[in-house]
Amino acid sequence: MRIAPKELLAQRGQLDKDVVAVLVDGKIVDLHTPIEPPAKMDVLRQDSAKALEIIRHSTAHVMADAVQKLFPGTQVTIGPAIDNGFFYDFARPDHKPFNDADLAQIEAKMGEIIAGNHDFRREVVSRDEAKKLFQSMGETFKLEIIDAIPEGDDISLYRHGDWVDVCRGPHVPNTRFLQGVKLTSVAGAYWRGQESNPMLQRIYGTAFPSKKALDAYLKQLEEAKARDHRKLGKELDLFMMSDLAPASPFFLPRGAFVYNTLVDFVRKQYQRRGYREVITPQIFDKALWERSGHWENYRENMFMSFGADALEEVPEGRTARGTPLGEVFVSAGDKAKEKLAGSSLDYVCGCKAMNCPSHCVIFGAQRRSYRELPLRIADFGRLHRYERSGVTHGLTRVRTFSQDDGHIFCTPEQMQDEIAKFMDFFYAVYKALAFDKIEIRLATRPEKRLGTDEMWDKSEAALAKGLEARGLPYVISEGEGAFYGPKLEFHITDAIGRPWQLGTIQVDYNLPERFELEYIGADNAAHRPVMLHRAILGSLERFLGVYIEHVAGAFPVWLAPEQLALLTVADRHNDYAHEIRAEMEAKGIRVIVDDSNEKLGGKIRAARNLRIPYLGVVGDKEVEARAVALRSRIDGELGSIPLADVIARISKEGEFPTL
RNA sequence: GCCACCCUAGCUCAGUGGUAGAGCAGCGGUUUCGUAAACCGCAGGUCGUGGGUUCAAAUCCCAUGGGUGGCUCCA
């Protein structure tokens, strides 16, 4: 005998005013959905974290109600709760978007609906009834949704006031539970996420059990924005951008220092872990990319390049070699194609978007012995990828970057061990950099791919095994692998919680095949190696963006562009400051002197704003004692300390972390 | 690429059809100072760019570049 938890709680006298839903076997069940009376049932109150999702989903319904009241004829589609709130996608008959003024109006209407204290009600209907209902309402998207509900599942409707939606639930008992509501932004979104489908108008919002909780969230969001790497990049003179090279950062001296130091840090590890670094060309003959499969699978992301002679008309009596430019630029307009058609393309080049093909060229350039394997090749080469406008973002999504990239050529037998070694390396680095929350995704075969299903089966299994060997939890990203092989992606979130892939390891049987790579085994026969693509920090640009946010611009002593700022109290201390600066620089310490015409307080403020780890005040006492009044960003005032001790302390902290 | 919004001095921003502004930074001077902003002065902008409407455009319209938040795509 199934019964709604609402009745059950009422019978037991547990139906308090702040009960949102119940928890049965760890599953959230709203008060409307009939269940078998369970042995154990916990109540979820308004302020519990698990109630948040229900509140947000119900708020999405109220928003859809408000939108349909204000914009008659608008169709509803889907409206789930998400990490930071909820959204609902709409199709307006006039295809007009919502603007900020509309949002304010919708929010006001939502307030009215909520104030009406409407009960949410659930009912189960047959597929035909549901279809008839939404047919009569002209909700064609909902009809598609109903059709997608698996046979045998209940089709439930949720109503509040006079508004109805087909919905799995769960929902709050009454609109009065929705007290902290804010609409945040609008966005275009494709129906079912397909670019070929019509674009819907999405409205994002967030909701909390109370106005107070909402305000706290909004404040926290403000604070997160203060550590946005784009803002800090400007404030700390780390990097800049220019319209003349969209999505391509210019690293300024301070930023370039941090960048190079990260590279040095990884390089030092390479030395100990059997990697050999190479430097490879930037621009390659198209033939390389045809062989690697990039031409076929990755061309739209590549920058093309060609010599001036490619633009010359082909002279009379000579046959053009290569591909006419007009055929290369497939997405060029007809006019452009016509113009390019007569130009020969003896030498079209692709600017490299990945290092792997050149490493294959290196591997294949010599007869290789099994004794050389695993061969670990590292490359910090600069990559260029043509990113569509609209997807780029600060340092985290750019058009030019370099990775701490490496490719391991090994025997199939060595592969699992190499994956394990990589995992050790990876976690040692992230631990040293004080990252603890790392999400792992196993990205599996995409639609557009090279190689056989057997190869993909083997590759995916090898990566999963590598994770299971360490007992690491992971999620599967269906179809998100690279075109040549599956990957493990290591994701870290930025200041406002957006995840970014940094490190990766990918198994690849395909490129060795395409490049016909071989090594001679102990049996004196030729064998095909396996290739592992791997990066620890990933794109250094992206890593730095995430890392700046992680440390809020306050780099540890070993990474800080300046480790110590010497601040003089008055002009008469300037000579001493410059003298000891030279002494410290000779010992490898990075020092700046602020001998400007500012008061001490002003100098301290300026140095602190730059997040310099140590401040050293020099005045009469310090000159007298050959000392520095030291102040640490972390430990505060340390008092007057002899010069030699300051040098010792900063030198020690300035060493690279040991792994 | 698609949707919305934004672009005013090096930076942060004010200015909604009628003579382009502030703070900070910069420069010059004064001050010589002990732990988060000394004082005075000067200079700095074809209001992203190009068209249009208007007697008059930073402001309204169109196009275009760049950025922001999403969608899609990806390190």
Side-chain angles (χ1 to χ4, degrees), chain A residues 82 87 89 95-100 102-103 184-204 225 228 230-231 234-235 237 240-247 298 300-301 331 353-354 383 385-405 443 446 477 480 482-483 487 489-491 496 498 500-504 506 533 535 537-543 545-546 567-574 595 597-609 615-622 629-631 636-637 640:
Chain A
I82 52 173
F87 67 78
D89 286 347
H95 297 289
K96 269 199 199 150
F98 297 102
N99 59 34
D100 290 350
D102 296 334
L103 284 200
T184 48
S185 63
V186 290
Y190 302 102
W191 167 236
R192 301 228 147 126
Q194 298 278 324
E195 217 170 332
S196 49
N197 283 346
M199 180 164 280
L200 307 172
Q201 295 302 323
R202 174 172 299 181
I203 302 180
Y204 282 94
K225 277 187 190 154
D228 187 314
R230 292 164 302 183
K231 186 175 152 78
K234 247 181 225 169
E235 284 174 14
D237 278 327
M240 55 168 267
M241 296 286 183
S242 162
D243 290 2
L244 297 169
Y298 205 74
E300 67 271 22
N301 285 299
S331 57
M354 295 184 191
L383 307 179
R385 295 186 187 172
Y386 182 74
E387 298 290 349
R388 300 154 98 193
S389 68
V391 306
T392 60
H393 179 93
L395 290 182
T396 50
R397 188 77 185 273
V398 293
R399 286 185 174 151
T400 172
F401 59 99
S402 71
Q403 302 184 79
D404 58 342
D405 201 5
S477 276
E480 297 290 315
F483 69 82
K487 5 182 222 177
E489 303 178 347
F490 299 89
H491 290 254
I496 65 167
R498 282 177 296 218
W500 295 99
Q501 180 197 319
L502 298 176
T504 181
Q506 313 172 2
H533 305 239
L537 303 178
S539 147
L540 283 146
E541 278 71 5
R542 176 177 290 180
F543 178 83
V546 172
L567 316 176
T568 57
V569 175
D571 286 354
R572 63 178 177 280
H573 309 120
N574 289 353
D595 57 4
N597 189 9
E598 285 291 326
K599 293 176 80 171
L600 184 58
K603 296 183 186 184
I604 287 172
R605 185 184 145 82
R608 284 193 57 103
N609 284 342
L615 309 187
V617 174
V618 293
D620 291 338
K621 279 182 284 183
E622 286 72 28
L630 204 61
R631 174 163 154 169
E637 299 266 6
S640 212

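Here the structure is a predicted model, which is why all the values come from computation and not from measurement. Numbered from 1 within each chain, the chains take letters A, B, ... in sequence-line order.
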Is [X] touching bases, backbone alone, or none of the nucleic acid, heavy atoms closer than 4.0 Å?
{"X": "A:Gly193", "answer": "sugar-phosphate"}
{"X": "A:Gly394", "answer": "sugar-phosphate"}
{"X": "A:Asn301", "answer": "nothing"}
{"X": "A:Arg498", "answer": "sugar-phosphate"}
{"X": "A:Ala535", "answer": "nothing"}
{"X": "A:Glu235", "answer": "nothing"}
{"X": "A:Glu300", "answer": "nothing"}
{"X": "A:Gly619", "answer": "base"}
{"X": "A:Arg202", "answer": "sugar-phosphate"}
{"X": "A:Phe543", "answer": "nothing"}
{"X": "A:Ala570", "answer": "base"}
{"X": "A:Glu622", "answer": "base"}
{"X": "A:Asp243", "answer": "sugar-phosphate"}
{"X": "A:Arg572", "answer": "sugar-phosphate"}

Between CE on residue A:Met241 and CG on residue A:Asp243, distance to nearest 0.5 Å
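Atom-to-atom, A:Met241:CE and A:Asp243:CG are 11.5 Å apart.
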About how many Å separate OG1 of A:Thr504 and CZ of A:Phe490, when rounded to the nearest 0.5 Å?
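It comes to 7.5 Å.
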Under a 3.5 Å limit for both distances, which nucleotide forms a Watson-Crick or G-U wobble pair with [N], could you say?
{"N": "B:A43", "value": "none"}
{"N": "B:A63", "value": "B:U49"}
{"N": "B:U31", "value": "none"}
{"N": "B:U16", "value": "none"}
{"N": "B:A57", "value": "none"}
{"N": "B:U68", "value": "B:A4"}
{"N": "B:G23", "value": "B:C11"}
{"N": "B:C74", "value": "none"}

Residues which pass side-chain contact (heavy atoms from CB on, under 4.5 Å) with [X], listed by chain and number, not counting sequence neighbours:
{"X": "A:Gln201", "value": "A:Pro97, A:Phe98"}
{"X": "A:Asp571", "value": "A:Asn574"}
{"X": "A:Pro246", "value": "A:Arg399"}

Hey, is the main chain of A:Thr396 close enough, under 3.5 Å, to the side chain of A:Arg542 for a donor-acceptor pair?
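Judged by distance alone, yes, a pair lies under 3.5 Å.
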Taking atom [atom1] in both [N] and [M], compute the distance separating them and give it to the nearest angstrom.
{"N": "B:U46", "M": "B:A57", "atom1": "C1'", "answer": "13 Å"}
{"N": "B:C5", "M": "B:A56", "atom1": "P", "answer": "28 Å"}
{"N": "B:G45", "M": "B:A20", "atom1": "C1'", "answer": "8 Å"}
{"N": "B:G15", "M": "B:C6", "atom1": "P", "answer": "13 Å"}
{"N": "B:A63", "M": "B:G26", "atom1": "P", "answer": "42 Å"}
{"N": "B:A25", "M": "B:G44", "atom1": "C1'", "answer": "11 Å"}
{"N": "B:U54", "M": "B:U59", "atom1": "P", "answer": "16 Å"}
{"N": "B:A58", "M": "B:A9", "atom1": "C1'", "answer": "14 Å"}

What range of RNA chain B does chain A touch, first nucleotide to last, counting atoms under 4.0 Å from its heavy atoms?
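Range of nucleotides within reach of chain A: B:G1 to B:A75.
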Is there a side-chain contact between A:Arg608 and A:Arg631 in this structure, where contact means two heavy atoms from C-beta onward sitting under 4.5 Å apart?
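Counting from C-beta outward, A:Arg608 and A:Arg631 do come under 4.5 Å.
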Under a 4.5 Å cut-off applied to non-hydrogen side-chain atoms, are A:Arg572 and A:Asp620 in contact?
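The answer is yes; the side chains approach within 4.5 Å.
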Given RNA chain B, 5'-ward residue of the pair A:Ser242 and A:Val391, judged by closest heavy atom
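Whichever sits nearer the 5' end wins; that is A:Val391.
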Most 5' of A:Gln501 and A:Thr392 on RNA chain B, judged by nearest nucleotide:
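Closer to the 5' end of RNA chain B: A:Thr392.
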Counting only pairs under 3.5 Å, give me each side-chain donor-acceptor contact of residues 598-606 of chain A, with atom names and distances, residues two or more places apart or in other chains.
{"from": "A:Lys603", "atom 1": "NZ", "to": "A:Thr568", "atom 2": "O", "distance (Å)": "2.8"}
{"from": "A:Lys603", "atom 1": "NZ", "to": "A:Thr568", "atom 2": "OG1", "distance (Å)": "2.9"}
{"from": "A:Lys603", "atom 1": "NZ", "to": "A:Asp594", "atom 2": "O", "distance (Å)": "3.1"}
{"from": "A:Lys603", "atom 1": "NZ", "to": "A:Ser596", "atom 2": "O", "distance (Å)": "3.2"}

Tell me, please, which residues at least two apart from A:Phe543 pass ring pair (Phe, Tyr, Trp, His ring centres under 6.0 Å).
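Testing A:Phe543 for ring pair (Phe, Tyr, Trp, His ring centres under 6.0 Å), a comparison that skips the adjacent residues, returns A:Phe435, A:Tyr547.
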